[in-house]
Amino acid sequence: MEHAVEFKNITKRFGSVTANNAVNLYLDRGVIMSLLGENGSGKTTLMNMLAGIYFPDEGQIFVDGQPVTIASPKDAFDHGIGMIHQHFMLVDVFTAAENVALGLEDGKYDLKAVAEKVKEISDKYGFGIDPNKKVYDMSVSEKQTVEIIKVLYRGADILILDEPTAVLTPQETDNLFKIMRNMKADGKAIIIITHKLNEVMDVSDVVAVLRKGEHIATVRTNETTADALTEMMVGRAVKLNIDRLDPVNPQPRLTIAGLTCRDSEGVKKLDDVGFIAFGGEILGIAGIAGSGQKELLEAIAGLRHIDEGSIIYSPEGKNPEELVGKTPMEIKDAGVSLAFVPEDRLGMGLVGGMGMTENMMLRSWNKGKGIFVDRKEPEALAEEVYKFLEVVTPSIDYPVRKLSGGNVQKVLVGREIASSPSVLMSAYAVRGLDINTSYIIYNLMAGQKAKGVAVIFVGEDLDVLLQLCDKILVLCDGKVSGLVDARTTTKEEIGLLMTSVGGKE
């Protein structure tokens with residue numbers, strides 16, 4: 001039997017960087033393959049060549065045993081290949097059927113017939129989508145469903161899903177996996193790119209591992225373990241556990257009440273948010289993307305205007321003080337630190353032209369006397385971050401803008417953790433980092449908790465939140481929908497709260 005897809009000696013370079021090096025890999029029909037690897041291992045680049053977004057420099061792609069040339073997404077569709085990207089490409093004011101119809105050959109279609117076929121596909125695989133529902137009325141999972149239906153409508157039977165669960169609740173993820181299994185039973189060949197090992201073990205039949213652009217191995221899922229896969233990804237054994245100690249005499253550090261923020265158009269981004277963050281505890285913040293997580297941390301750090309509410313800071317051994325109205329520098333000097341990892345990592349207090357030492361100096365620049373600032377302490381701090389987080393740089397004085405995104409991130413997070421704050425707020429601290437460094441940072445957070453620091457941790461992976469945190473605050477549409485004990489709650493309970501079911505209305 002011919003393979004549905006086969007890569008033979010596929011190589012792709014971007015300038016002097018080799019993203020994929022002589023990759024040999026195949027996938028059969030009726031099989032779900034997880035494509036696994038650290039960031040920068042070449043997963044998405046390889047799939048983008050299959051989807052017609054990139055073209056290989058060397059090697060050949062085969063579909064059903066025949067050599068093919070895929071120079072565009074249209075070529076990919078012509079060969080029955082469809083890719084569902086992380087970022088949806090839908091028109092909000094159109095219905096599901098209208099979005100599916102967009103881009104059809106010659107622009108000629110019978111919308112009623114399209115809607116009927118969309119309904120047929122939906123019923124066949126269990127999507128449960130209304131063809132006439134407007135996109136702006138859909139949940140995130142429904143929008144993703146429309147993207148999948150779009151490629152199935154065009155006849156795709158080789159599907160690539162790029163991080164499809166990144167914005168889904170646990171219940172929505174379970175439903176997606178049921179749909180994937182239904183498609184597999186119908187003979188589809190499916191590739192899922194994900195970094196979540198529990199999902200890899202749950203949904204895939206085989207796992208292909210890439211490391212530094214090379215294909216390391218393809219193994220049957222039921223014949224491997226998460227630890228073995230991690231070792232293949234990283235190249236050495238990695239300890240995948242978080243040392244969570246019980247809180248000892250937790251004391252209030254931040255008491256937030258009635259916090260309300262609006263955007264420039266007057267829309268509430270935070271609505272009457274209230275909670276207490278205790279020293280010696282890690283408070284996780286969970287929610288569907290865009291539920292107010294970013295705005296909450298920015299408001300506490302003084303980076304966002306607050307319309308209503310109070311933020312009382314109670315540092316150990318000092319009188320409580322109101323943070324609302326203080327400048328970001330005053331809040332940071334008081335001991336409230338924010339390690340926020342945006343898409344542009346150089347946008348949160350790092351200067352690209354400076355090295356690690358100088359960027360550490362920025363943390364306490366205003367405490368120096370005139371232009372004379374002692375380099376010893378920031379230099380020691382830079383060395384500590386460099387060694388402990390394994391920052392890949394020629395030297396601690398090498399400009400950070402010349403480092404990879406992940407290494408810039410290590411500098412950013414390491415600087416804030418090493419500055420001995422009383423309250424440490426972290427958002428997406430491990431986004432884009434390899435699994436080994438991620439667990440180092442998780443345990444660094446746990447170490448801060450052990451020192452009596454109040455840690456507020458915004459994360460995207462519910463499994464990590466459950467392992468790392470003591471309590472989890474759930475946000476939905478800018479409101480608090482629940483506060484749960486991380487030791488006794490479940491992903492399913494958090495998932496319900498993320499969609500406000502069972503939470504506050």
Side-chain angles (χ1 to χ4, degrees), residues 250-316 318-342 348-349 416 421-429 453-460 465 469-486 494 497-500 502-505:
Q251 299 293 319
R253 286 288 174 265
L254 284 181
T255 303
I256 293 172
L259 196 63
T260 300
C261 298
R262 295 173 175 85
D263 63 16
S264 58
E265 297 178 354
V267 177
K268 286 184 179 179
K269 307 303 288 185
L270 294 174
D271 188 357
D272 193 29
V273 170
F275 62 90
I276 300 175
F278 290 86
E281 284 188 354
I282 299 180
L283 175 66
I285 308 290
I288 294 171
S291 293
Q293 302 96 312
K294 177 173 178 280
E295 289 82 1
L296 175 60
L297 267 58
E298 288 178 344
I300 296 171
L303 299 171
R304 177 173 289 271
H305 175 73
I306 295 171
D307 294 297
E308 302 167 40
S310 67
I311 304 171
I312 303 299
Y313 173 48
S314 305
E316 188 173 4
K318 297 181 181 179
N319 293 327
E321 57 182 309
E322 174 65 71
L323 294 186
V324 175
K326 292 185 179 294
T327 67
M329 185 58 73
E330 288 171 338
I331 293 171
K332 184 172 280 194
D333 287 345
V336 180
S337 181
L338 171 60
F340 176 73
V341 180
M348 286 299 294
E416 300 308 318
S422 176
V423 176
L424 174 63
M425 299 185 294
S426 166
Y428 315 116
V453 175
V455 179
I456 300 176
F457 183 87
V458 177
E460 298 167 303
L465 287 174
C469 303
D470 300 292
K471 299 170 186 170
I472 299 175
L473 183 85
V474 187
L475 294 177
C476 179
D477 293 329
K479 297 181 180 181
V480 175
S481 59
L483 178 66
V484 296
D485 186 329
I494 296 173
L497 291 170
M498 287 166 69
T499 53
S500 222
K504 297 177 181 179
E505 295 296 334

### 4.5 Å side-chain heavy-atom contact, Ser422 and Arg253
yes
#### Entry: Closest heavy-atom pair and its distance - Ile312, Pro320
CG2-CB, 3.8 Å
## Note on the structure
Looking only at heavy atoms, the pair that brings Cys476 and Leu497 closest together is CB-O, 3.9 Å
### Query
Do other residues, nucleotides or ligands put more than 12 heavy atoms under 6.0 Å from the CD atom of Glu316?
no
Side-chain donor-acceptor pairs under 3.5 Å in residues 263-271, sequence neighbours left out?
| from | atom 1 | to | atom 2 | distance (Å) |
| --- | --- | --- | --- | --- |
| Asp263 | OD1 | Glu265 | N | 2.9 |
| Asp263 | OD1 | Gly266 | N | 3.1 |
| Asp263 | OD1 | Val267 | N | 2.9 |

Per-pair distances, 0.1 Å, donor-acceptor, side chain in residues 273-291, under 3.5 Å, sequence neighbours excluded:
| from | atom 1 | to | atom 2 | distance (Å) |
| --- | --- | --- | --- | --- |
| Glu281 | OE1 | Lys471 | NZ | 3.3 |
| Ser291 | OG | Ile288 | N | 3.4 |
| Ser291 | OG | Ile288 | O | 2.6 |

### Message
Less than 4.5 Å apart, side chain to side chain, heavy atoms only: is that true for Lys332 and Lys326?
### Response
no
### Query
Considering all heavy atoms of both residues, which atom of Tyr313 and which atom of Ala334 are nearest to each other, and what is their separation?
OH-O, 2.9 Å
### Summary
CG (Leu473) and CZ (Phe457) are apart, to the nearest 0.5 Å, by 14.5 Å
### Task
Write down the atom of Val324, the atom of Ser310, and the distance for their closest heavy-atom approach.
CG2-CA, 4.0 Å
### Task
Kindly compute the distance separating OH (Tyr428) from CD (Gln293), expressed to the nearest 0.5 Å.
4.5 Å
### Query
Does a side-chain heavy-atom distance below 4.5 Å link Glu295 with Cys261?
no
### Beyond-backbone contact of Leu296 with Val458, side-chain heavy atoms, under 4.5 angstrom
no
### Query
Can you name the closest pair of heavy atoms from Asn319 and Pro315 and give their distance?
O-CD, 4.0 Å
### Summary
Nearest heavy-atom approach of Ser337 to Pro421 is CB-CB, 3.6 Å
### Task
Take Met498 and Ile494 through the test side chain to side chain contact (heavy atoms under 4.5 Å, CB included) and record every step on the way to the result.
CA-CA 6 Å; Met498 287 166 69; Ile494 296 173; 3.9 Å; yes
### Query
Picking from Leu254, Val336, Leu424, what satisfies side-chain contact (heavy atoms from CB on, under 4.5 Å) with Ile456?
Leu254
### Message
Could you walk me through whether Val480 and Leu475 satisfy the side chain to side chain contact (heavy atoms under 4.5 Å, CB included) test, starting with their C-alpha distance in whole Å, then the side-chain angles of each, then the deciding distance to 0.1 Å, before giving a yes or no?
### Response
CA-CA 5 Å; Val480 175; Leu475 294 177; 4.0 Å; yes
